[in-house]
There are 2 protein chains.
Amino acid sequence: MQIAQLRYLVALARERHFGRAAEACHVSQPTLSAGLQRLEEELGARLVLRGRRFEGLTAEGERVFAWAQRIAADVDGLQVDLRAMRDGLTGRLRIGAIPTSLPVVSSLSAPLCAGRPGLELSVLSMSSREIEQGLRQAELDAGITYLDNEPLSGVRTLRLYRERYLLLTTADEPLGQSPEVTWQEAAARRLCLLSPDMQNRRIVDSIMREAGAAPRPVLETNSISTLVDHVRAGVGCAIVAQSWLRPPGLPAGLHAAPLVEPRREHAIGLVWREREPEPLLARTLITLVRRLRREGLLPE
Amino acid sequence: MQIAQLRYLVALARERHFGRAAEACHVSQPTLSAGLQRLEEELGARLVLRGRRFEGLTAEGERVFAWAQRIAADVDGLQVDLRAMRDGLTGRLRIGAIPTSLPVVSSLSAPLCAGRPGLELSVLSMSSREIEQGLRQAELDAGITYLDNEPLSGVRTLRLYRERYLLLTTADEPLGQSPEVTWQEAAARRLCLLSPDMQNRRIVDSIMREAGAAPRPVLETNSISTLVDHVRAGVGCAIVAQSWLRPPGLPAGLHAAPLVEPRREHAIGLVWREREPEPLLARTLITLVRRLRREGLLPE
DNA sequence: TGGGCATGATAGTCCCGCTCTATCAGCTCG
DNA sequence: CGAGCTGATAGAGCGGGACTATCATGCCCA
């Protein structure tokens, strides 16, 4: 058996298309086809359902895919680790972060990059579900996501901070001077909210239900800055996480009031998949965050 | 990179000898040598310290070994799983069990083998430390060992029963009729105990210390049946786990009394390493044990 | 109904690299 | 100093993985 062939299967299962899978593997399409045939032959089982086009994997194929994914990720881990030992800490650390956590990422990534010139980061804004899947498929090294709302499986976690919720309004709105706003009051406003594929929105919805309210958002988006933009433009109010307002401060002309009744919090933290051996890159991030937390250098 | 080359490294690290490693891989010695050289070349790092003989691995080599071990185990898992899907449950399930747990293994293995003609078992008597290492190195699929005394890491567990301790004597000894014996009293007798590399012995020693006693065993062995033999031969008393006396009953002419002050118990259970995807073989064992426990078919 | 396009399999060829046997070189030990 | 052990090197054979070019089929739309 050949590692390349396992990668072919992984690519095919992800792309669901022979040509694109071949491209992803940097080989020609016949090479990928032949490699998969050889793999099927060696394993003595059909893995791919072939009609005139890709039609999915067989049950055996799914099983082999699950293993192959893991094996390929470990081979990558081996190579990254080795390069890190040779050239000092090097390679790309891929972090998936939910949008509301993006403002705190820099307080982790800045000390991480300091003094590690070879280290490269990818910070990807993703939904909590995409993060979970990305970790499982070893496309991410770590995630920053909710810890307590929709439980995760097979991962280790480290709490970073607790998310609190604010109503963001223009200062000249009726609620524009209130020190606190209830969820009930907020629900009655014209609201700009995140789209329902984001866990933040699902949290907001569930708190609303609990408060006996049903918001009818005038605008939905998956970008928080778009949310803020629309508040500033006077489209309506928005419900945002406190963390989002920290770094530059509150934009001029806007007002943010804590949401109460209920005053709810959700833990957000670093999440990574337990692997053995533990990749040096991930290890570095985790020990750094532990140290930051111990020394009280993390916000909130 | 090539899976075979990773296996060469794993074999070499285990055998610490090129010739034997080659034999273990079913290839010639030059093949293994050349394969390792190519691996070093591809990875761009020396892995093996070469003098005139094998002199260990470099730091990089140790790291690659750790990954390679994992990768090789997963490739095996893939193949075993696939065969299981084709031919029904087949392959060899390797279980390591501490000696005192051996009598209960058959109550697991018998229902496991029933109706699964393709399934083969290896039950290996090992120390708890060997079991821990065997699981880590993927040389075992599961273990039966202490759960609470010397904590395990990176594994999942399922309790089977609680171990209690008895003093085994000949019936004509001074204590040969007592319904109960204190650890203090036992310590004063001529004792036959397991050797100190076994956790059972370390448990006995710690309870003894706690009871303010210090046993001077007249005989040490790593075989429980040898222990019983020597009691029968009149060499002394022995401290054994209750489970050991269950299957054939107490041998004629012997007496077993529960040890009290303190009356101590230690949990013994099934232990397996968390892997993803979960191998079908291990999964079968675990669900079987869960069912047996739920239905109360496990002893004690 | 027929042309164009998308998709994946086949054919033919090249050559890399894995494997073997045979042999060499250096160290250790009697 | 010679025997034995250990690992590296040399040279030959061949399997299989990679490429380009082409084919077969299905689908869409005119």
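All chains are named by letter (A, B, ...) in the order of the sequence lines, taking the proteins before the strands, and each is independently numbered beginning at 1.
B/Glu41 has its CD atom 11 Å from the C1' atom of C/dG17, to the nearest Å. If you take CG of A/Leu32 and C1' of C/dA9, they are 12 Å apart, rounded to a whole angstrom. Rounded to an integer number of Å, the gap from CZ of A/Arg53 to C1' of D/dC27 is 9 Å. Note: CE (A/Met1) to P (D/dG16) measures 14 Å, nearest angstrom. Distance CG (A/Leu36) to C1' (C/dA9): 12 Å, rounded to an integer number of Å. Taking atom CG of residue A/Leu39 and atom P of nucleotide C/dA9, one finds them 14 Å apart after rounding to whole Å. Rounded to an integer number of Å, the gap from CD of B/Glu40 to P of D/dG7 is 14 Å. Protein atom CD of B/Glu55 is 11 Å distant from nucleotide atom P of C/dC27, rounded to whole Å.
An OP1 or OP2 oxygen of D/dA8 is reached within less than 4.0 angstrom by a side-chain nitrogen or oxygen of B/Arg50. Proximity of A/Ser28 to the phosphate of D/dC19: a side-chain N or O atom is located under 4.0 Å from OP1 or OP2. Phosphate contact (OP1/OP2 of D/dC19, side-chain N/O of A/Thr31, threshold under 4.0 Å): present.
Judged purely by atom type and a 3.5 angstrom limit, A/Arg16 has no side-chain atom pairing as donor or acceptor with the backbone of A/Leu12. In this structure, A/Arg92 contributes its side chain and A/Leu121 its backbone to a donor-acceptor pair below 3.5 Å. Judged by distance alone, the side chain of A/Asp81 and the main-chain N or O of A/Leu280 form a donor-acceptor pair under 3.5 Å. Counting only distance, with no hydrogens or angles, the side chain of A/Arg273 and the backbone of A/Arg136 share a donor-acceptor pair below 3.5 Å.
The number of heavy-atom neighbours closer than 6.0 Å to CD of A/Gln137, taken from other residues, nucleotides and ligands shown, is above 12.
At a threshold of 4.0 Å, the pair A/Arg14-A/Glu139 counts as salt-bridged, since one of the basic side-chain nitrogens sits closer than that to a carboxylate oxygen. With salt bridges taken as basic N to acidic carboxylate O contacts below 4.0 Å, none links A/Asp141 and A/Arg283.
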Show each protein N/O and nucleotides 9-12 of chain D N/O combination with a separation under 3.5 Å, one pair to a line.
from, atom 1, to, atom 2, distance (Å)
D/dT9, OP2, B/Gln37, NE2, 3.1

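Shown are B/Glu40, B/Arg63, B/Gln37; of these, the side-chain contact (heavy atoms from CB on, under 4.5 Å) with B/Leu47 is made only by B/Glu40.
Inspection of the B/Gln29 and B/Ser33 side chains reveals an N or O donor paired with an N or O acceptor under 3.5 Å.
Contacts between residues 3-27 of chain A and DNA chain C, defined by a heavy-atom separation under 4.0 Å, are made by A/His17, A/Phe18, A/Gly19.
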